[in-house]
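Contents: one structure, followed by commentary.
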Number of protein chains: 2
Amino acid sequence: MAAPDRYHHGDLRAALIARAAEVVVADGVGALSLRELARDLGVSHGAPSRHFPDKQALLDAVALDGFHRLRLDLVTAAARPAASGSFRDQFADIAVAYVDFAVRNASLLALMFAAKHREEAPEELRAAVDRTFAAPLLVIEQAQRRGEVVHGEVEDIATAIMATMHGFAALIVAGLLHPDASGAMLTATVNRLVDGLRPR
Amino acid sequence: MAAPDRYHHGDLRAALIARAAEVVVADGVGALSLRELARDLGVSHGAPSRHFPDKQALLDAVALDGFHRLRLDLVTAAARPAASGSFRDQFADIAVAYVDFAVRNASLLALMFAAKHREEAPEELRAAVDRTFAAPLLVIEQAQRRGEVVHGEVEDIATAIMATMHGFAALIVAGLLHPDASGAMLTATVNRLVDGLRPR
DNA sequence: ACCTGAACACCGTTCAAGT
DNA sequence: ACCTGAACACCGTTCAAGT
């Protein structure tokens, strides 16, 4: 038998991050209270400060965790069998994965970008963001070599793609797009970017 | 002489919205306190509740005001002399205006989209959002008639354009794009969408 | 090392009372 | 009509004390 369960079950730090992420996804950052969190986990309200110096540090950890999960989704989408097809299909698969994550974790994604935005953002977070967007970058470079995508700076093209994916997700989350038609709309948006707005 | 200045100067409601917007832009929604707001304006902490039933109602009003200001910027950009040129130039002008607003009012824009996102969002807000994005829509339709933009559903094309603008702004705000190169990068992104990722 | 529990300064909201 | 000021329940943070 281990020590009596007067203290927490072992990994309060991980439990805090997990529960905080749940609350953020369900009700937004504004609904997150350290004291309530501590109550939920059965520890005193002072306990979290052992693992996070302040609330922002916990939020940063939640954001970091979010980027890890998003990265996993994107890597999975990029490695899909269907993703071995044309660049158009690869792009569509990644876009679906990104938008899915964004819609299912809207408040979390907002927190993730807000955390990254902070000047005092930990270096760990900046690195995680770069890694998160590495998968799409690779897909673009490969497509360029196959001649399916115009040559030129990869960053320029990646920027256009990431902006489109992120912006599309934001439009859905904001309720500017009918959720019913969002699937078809995303396909149309991907095709618009691939083919261009100008007639061919 | 009017009544002695024991009460507020006349339009506490407007003053609350204006000051709240300032605080949000400067330090984010999290830094907004009704009590501090009241202190800044020289009224008691209970006074705001005469004009807004709760904090969220004030935030909705701030968001509404933000959409009005954004709409003004977009309409101005669309009516520019240079904007009488090609669709590419019109699009670029509008995109610059949108990204400018987003960068200068990052936290406010986040609040605006979050407010729109709420299910209980007042009808007034939904209407303001539609009007805000009406100007870009008109530009697209005109360009379609001139044959500069592919035919098809205007909404599909507008979605691709709005997603790109909003997403680009989000990338800058998040610090994923070097601010120095952001001007050239925006031009490149606009051109990418106009010309397509696929070689011609 | 890790957690408790009291203390402090703050917050949003409510409401009887004032003018 | 509009604002005040006390009251209430909550919050984040700090810190001596316990195990």
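Here is the naming used below: chain letters follow the sequence lines, and residue numbers restart at 1 for every chain.
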For nucleotides 5-10 of chain D, which of its nitrogen or oxygen atoms have a protein nitrogen or oxygen under 3.5 Å away, and what is each distance?
from  : atom 1 : to    : atom 2 : distance (Å)
D:dA6 : N6     : B:H45 : NE2    : 2.9

A:H68 atom NE2, over 12 foreign heavy atoms within 6.0 Å: yes
Atom pair distance, as rounded to whole Å: CG in A:L32 and C1' in D:dG12: 12 Å
Roughly how far, to the nearest 0.5 Å, is CG of B:D195 from CZ of B:R200? 5.5 Å
Could you walk me through whether B:D130 and B:R126 pass salt bridge (charged side-chain N to carboxylate O under 4.0 Å, His left out), step by step? CA-CA 6 Å; B:D130 289 343; B:R126 316 187 80 85; over 6 Å; no
Can you classify the ring geometry of A:F133 versus A:F67 as parallel (below 30°), tilted (30 to 60°) or perpendicular (above 60°)? perpendicular
Does any part of the side chain of A:L37, heavy atoms only, come nearer than 4.5 Å to the side chain of A:L58, both counted from C-beta? yes
Distance in angstrom units between A:R13 CZ and C:dC3 P, rounded: 13 Å
Bracket string, DNA chain D, 5' to 3' - pairs by Watson-Crick or G-U geometry under 3.5 Å, | interstrand: ||.|||||...|||||.||
Taking the side chain of B:L34 as its heavy atoms from C-beta onward, which of C:dT13, D:dC11, D:dC2 lies nearest to it? C:dT13
Nucleotide D:dC11, atom P - distance to CD of A:E36 in whole Å: 6 Å
In whole angstrom, give the distance that lies between atom CG of B:L16 and atom P of D:dC2. 13 Å
Any side-chain heavy atom of A:I17 sitting closer than 4.5 Å to one from A:F52? yes
How many whole angstroms separate atom NZ of B:K55 from atom P of C:dG12? 5 Å
CD (A:E155) with more than 12 external heavy atoms under 6.0 Å: no
Would you mind reading off the distance between B:L59 atom CG and C:dT13 atom C1', rounded to a whole angstrom? 15 Å
Scan residues 12-40 of chain B for pairs that pass side chain to side chain donor-acceptor pair (under 3.5 Å), counting only residues two or more places apart or in two chains. B:R19-B:E22, B:R19-B:D40
Would you kindly give the CZ-to-P distance between A:R50 and D:dG18, to the nearest whole Å? 15 Å
Looking at OG1 of B:T189 and CE of A:M162, how far apart are the two atoms once the value is rounded to the nearest 0.5 Å? 10.5 Å
Any B:H51 side-chain N or O less than 4.0 Å from OP1/OP2 of D:dA1: no
If I take atom CG in residue B:D54 and atom C1' in nucleotide C:dG12, what distance separates them, rounded to the nearest angstrom? 9 Å
